[in-house]
Amino acid sequence: MTATTPDDVHTATAQDLLASLGVDLDRGLSDTEVSRRRAEYGENVLQEEAGESALRKIIRLLADKMTLVLVVAAAISALVSKEWETPVVILAVIILNTVLNYVQETRAEDSLQALRDMSVSQSRVRRDGREQLVPRTELVPGDIVLLEAGDAVPADGRVVDAARLQVAESALTGESQPVDKTVDALDDPDLPIGDRTNTLFMNTEVTRGRAAMAVTGTGMKTQIGAIATLLGTAGTDKTPLQRRIDQLATLLTGIALVVVVIVFVLGLARGESWSDLLLTAVSLAVATIPEGLTAVVAFTLAMGASRLAKRGAIVKQLAAVETLGSTTQIATDKTGTLTLNEMTVQRLKAAGQSFRVTGEGYSTDGNFLSDGELPFPDLRRGFLAMALCNDASVRDAALVGDPTEGALVVLAEKGGIDVQGARKSHPRLAEVPFDSEYKFMATFHATRTPEGVDRIRCYAKGAAGVLLTRATHLREGDTDRLMTDADRTTILTAVDDLARDGLRTLMIAGRTLDALPEDAQALQDAVDDLTVYAVVGIVDPPRPEARDAIEIAHTAGIEVHMITGDHLTTASAIAGDLGITGDALSGADLDRLDSQALRSRAEHLGVLARVAPEHKIRYVEALQAEGHIVAMTGDGVNDAPALKQADIGIAMGITGTDVSKGAAKMILTDDNFATIVAAVREGRGIYANILKFVKFQLTTAWGFVLIFLTAGVFGIAGGAPFTALQILWVNIIMDGPPALALGVDPTDPDIMKDKPRPPDERLLTRNRLLRILTLGVAMATGTILVLVFADDVFPESADNPLFATTLAFTTFVFYQVFNLLNVRSDRGSIFSMQTFTNHTIWVALAGVVVLHVAVVNVAFLQDLFDTTSLTGSQWLFAIAVAASILVIEEIRKAVVRAVWK
């Protein structure tokens, strides 16, 4: 880059600019030159704000209000305790909790960064004379980038080739209307950014047409880079679930502190030492305050997002993980999502005859089978149109480009056309790119008549209904004749017949011009007075797994709606094959429904055909107005508004445009409908695991609270049944690895048999709260009874003052062990194979049991924790009492299963 600088890019001609960049438009840069320039200019990325340092992160974690309560508790215990054990253990809890939170946050950040790296978009570039896809971070100045409608501009650059190009630059200039772009050089070197009509800028969006752009600036050397500090970086707002967890944790902290005060006051009333009471109260606060709750939720959400990515669904926002579990309606594209997007022409109607085409996929092997006895007509003109009005290429049965265009390339090859040779001998002079507004594509090529006169040949392909209104002639053999009304009726009938068979139809047509139209509008206007060459019927086979996924969705209470641009009859036939039920309407039918009428019918519609982008967003709004949570798929630039409107906007990772991916909350890496259903299942599982942890921790806290309140009121065990270290021990061993293992619990196999969760559902619903209270009461009752009657049950140990408290302590620990198994399923019995699917939990529980055996039997640990050895029968007694919580839950689950069925 010597002759031209970023400031005068727009004043240079395209040829001069390419020369200054040292690049050939048709060949692009060589790989060697790309490597050299990347070393010189660096990656094409915007610099992000420096991440939070480890020290600042640790300080922030220590400043958390619940951690501060622990710090105060440690300080108080150090002041009032005559022994070092309690303050040291509290400090150990603080350190352990901080380290755990730090590791969880770091892993979550790494996981989310990995997701961002996975969703890095790719750009189509021309290098070494061939087109290829490269990560846009690898673009360098001089790269020739190929753009089309729906692409985000990946760097700053100069337009060097364009067709009807229009770009939305609101992200940079604030101008809401798209801007027309051209190749022409501009005169004024001081033009403002918004008036540089031959220049493209990073992060703007191509809304129409296509172009080749020579990159002139990357990374921080772009216009967006110059104002990157003003734009800032993405925030780290907490999800609604995390905010509800924070509120719950704050409430529980307040309740815990109130209980601590009550226990302290009751102890003073009994005349106990205030220092001993303060120590017990502090330990109780440590055990009942859910200091690890918020970190575990963040960790579970992030790890869940990683699992979703492995299933082919990249979640851009953690809030989407929560919303997935509430999804009640899925509005999905057909092509490539419900179908394989491997188009094959199976039927051909041309020259008054009908043919079946053999062969599958993108192999050029196949024949034409006539439905009648007539000789095979001359269809070269139609096959040539299919080859030239086309941007796809097929080599060795491998497709590069649009699948529909690939099907036409294969058909042309089957018809005897050398596609690559035809494109070289009939170079494209201009084009009208496909647009959903006018529903056709046209290209213009130089040709010579048999009489030796130079002409321009226009070829077009598009929706049969659209091109038929622009057609006046019909090709039969090697001649053209005027089209009659009867011909039009015959063609429309043929299109309907193909559609009823589930085939997508395209019309191929063309005309001859004396001269090439001069501007974009004239080119579009010239696609008129056409001669119809053929109508093709294209099949896109349904995905084998789509039907099963739709059935699973229906079982889960989720309705599936197919949205497509196909004819209503085609769409209805395919929907029937896939098991999609409900009424079928076209876009025109939707236009005749007012908002209220659409709302009343929305959830009963199975198929929406021939729809425009405005129909999609209207349909999503109608479903949402009825209280539904809507997942919406899309891949085009015009799908972006509907994707933003939907609760879960889902973009296609393979066929999706950059604009659709930017608007979506989730990206499918395989464009597969089954992945959506799998993501919903995973989302439900993630939410269920968070609830498991909440229920487990709150049950333990409630059990502690009831035990100490009961002991304080009735003076049992002197009002303090457990020592401070025993309380902290339960907190450490049970709120650690065993509880965290719940976060990676496999999803319940029956989870997709439940109805969707209401999005505004409280964490502690009436049933969940009742279950927590019931189990907490059971734990407290069993533990208190053991304390009171231990000496009567085992009189041989009655003279040991530590026996009753040790037995009760052990009983309470085993209550936690059994309760961890209980909370893994709301209705599934633990006496099933599902119980053994999480090996992490069993390893953690085995560790807990081994550690507790050591606390009870190892001499120096007995001195530390004020315990005494238990006999085998006493261990079994503690386990049997604790197992009562299993009996209670198994009875409840059996009732739930009976009602649920």
Side-chain angles (χ1 to χ4, degrees), residues 73-74 76-93 260 263-264 266-267 270 272-288 700 703-704 707-708 710-712 714-735 779-780 782-791 793-794 796-817 848-871 874-875 877-879 881-882:
I76 292 174
S77 64
L79 291 174
V80 303
S81 178
K82 299 177 182 178
E83 299 175 344
W84 57 268
E85 293 93 338
T86 300
V88 167
V89 171
I90 296 177
L91 285 175
V93 171
V260 165
V263 169
F264 185 80
L266 288 174
R270 287 194 308 273
E272 295 181 28
S273 164
W274 72 270
S275 58
D276 290 340
L277 278 173
L278 193 57
L279 194 60
T280 300
V282 163
S283 301
L284 183 59
V286 173
T288 54
T700 302
F704 261 131
I707 289 170
F708 274 83
T710 304
F714 295 101
I716 300 171
F722 301 148
T723 67
L725 283 183
Q726 287 173 345
I727 297 171
L728 294 174
W729 176 246
V730 174
N731 186 60
I732 291 173
I733 66 170
M734 293 312 299
D735 284 352
M779 289 181 184
T783 304
I784 291 294
L785 289 176
V786 169
L787 270 172
V788 173
F789 296 107
D791 291 343
V793 175
F794 297 101
E796 68 275 12
S797 300
D799 57 345
N800 187 337
L802 297 178
F803 168 66
T805 54
T806 300
L807 190 61
F809 176 40
T810 300
T811 302
F812 192 73
V813 168
F814 275 101
Y815 267 128
Q816 310 316 308
V817 170
V848 166
V849 172
V850 169
L851 288 172
H852 189 70
V853 168
V855 164
V856 172
N857 291 292
V858 177
F860 82 91
L861 291 177
Q862 288 177 335
D863 295 339
L864 187 64
F865 286 93
D866 290 324
T867 59
T868 186
S869 297
L870 299 176
T871 65
Q874 291 165 352
W875 277 100
F877 178 79
I879 293 172
V881 172

**Student:** Decide yes or no for L725 and D866: does some side-chain heavy atom of the first lie under 4.5 Å from some side-chain heavy atom of the second?
**Tutor:** no
**Student:** Considering non-hydrogen atoms only, spot the tightest contact between Q874 and S869 and give its length.
**Tutor:** OE1-O, 4.3 Å
**Student:** Roughly how far, to the nearest 0.5 Å, is the OG1 atom of T805 from the CD1 atom of I716?
**Tutor:** 13.5 Å
**Student:** Kindly compute the distance separating CD1 (I707) from OH (Y815), expressed to the nearest 0.5 Å.
**Tutor:** 8.5 Å
**Student:** About how many Å separate CH2 of W729 and CD of Q726, when rounded to the nearest 0.5 Å?
**Tutor:** 11.5 Å
**Student:** Indicate yes or no: at least one non-hydrogen side-chain atom of F704 is less than 4.5 angstrom from one of V730.
**Tutor:** yes
**Student:** Any heavy-atom pair between the side chains of F812 and V786 that's under 4.5 Å?
**Tutor:** no
**Student:** Restricting to side-chain hydrogen bond (donor to acceptor under 3.5 Å, both in side chains), what partner residues turn up for T811, sequence neighbours left out?
**Tutor:** none
**Student:** Looking at residues at least two apart in the chain, or sitting in another chain, which of them share a ring pair (Phe, Tyr, Trp, His ring centres under 6.0 Å) with F814?
**Tutor:** none
**Student:** Taking the side chain as every heavy atom from C-beta outward, state whether P721 and T783 have any atom pair closer than 4.5 Å.
**Tutor:** no
**Student:** Which heavy atom in A798 sits nearest to a heavy atom in D791, and how many Å separate them?
**Tutor:** CA-OD1, 3.6 Å
**Student:** Measuring centre to centre across the rings, with the benzene-like ring taken for any Trp, is F865 within less than 6.0 Å of F809?
**Tutor:** no
**Student:** Quick one: list whatever passes side-chain hydrogen bond (donor to acceptor under 3.5 Å, both in side chains) with T710, sequence neighbours left out.
**Tutor:** none
**Student:** Less than 4.5 Å apart, any side-chain heavy atom of F794 and any of L807?
**Tutor:** yes
**Student:** Could you tell me the separation between the CG atom of N857 and the CG atom of L870, rounded to the nearest 0.5 Å?
**Tutor:** 7.0 Å
**Student:** Name the one of T806, L851, V813, T868 that satisfies side chain to side chain contact (heavy atoms under 4.5 Å, CB included) with V856?
**Tutor:** T806
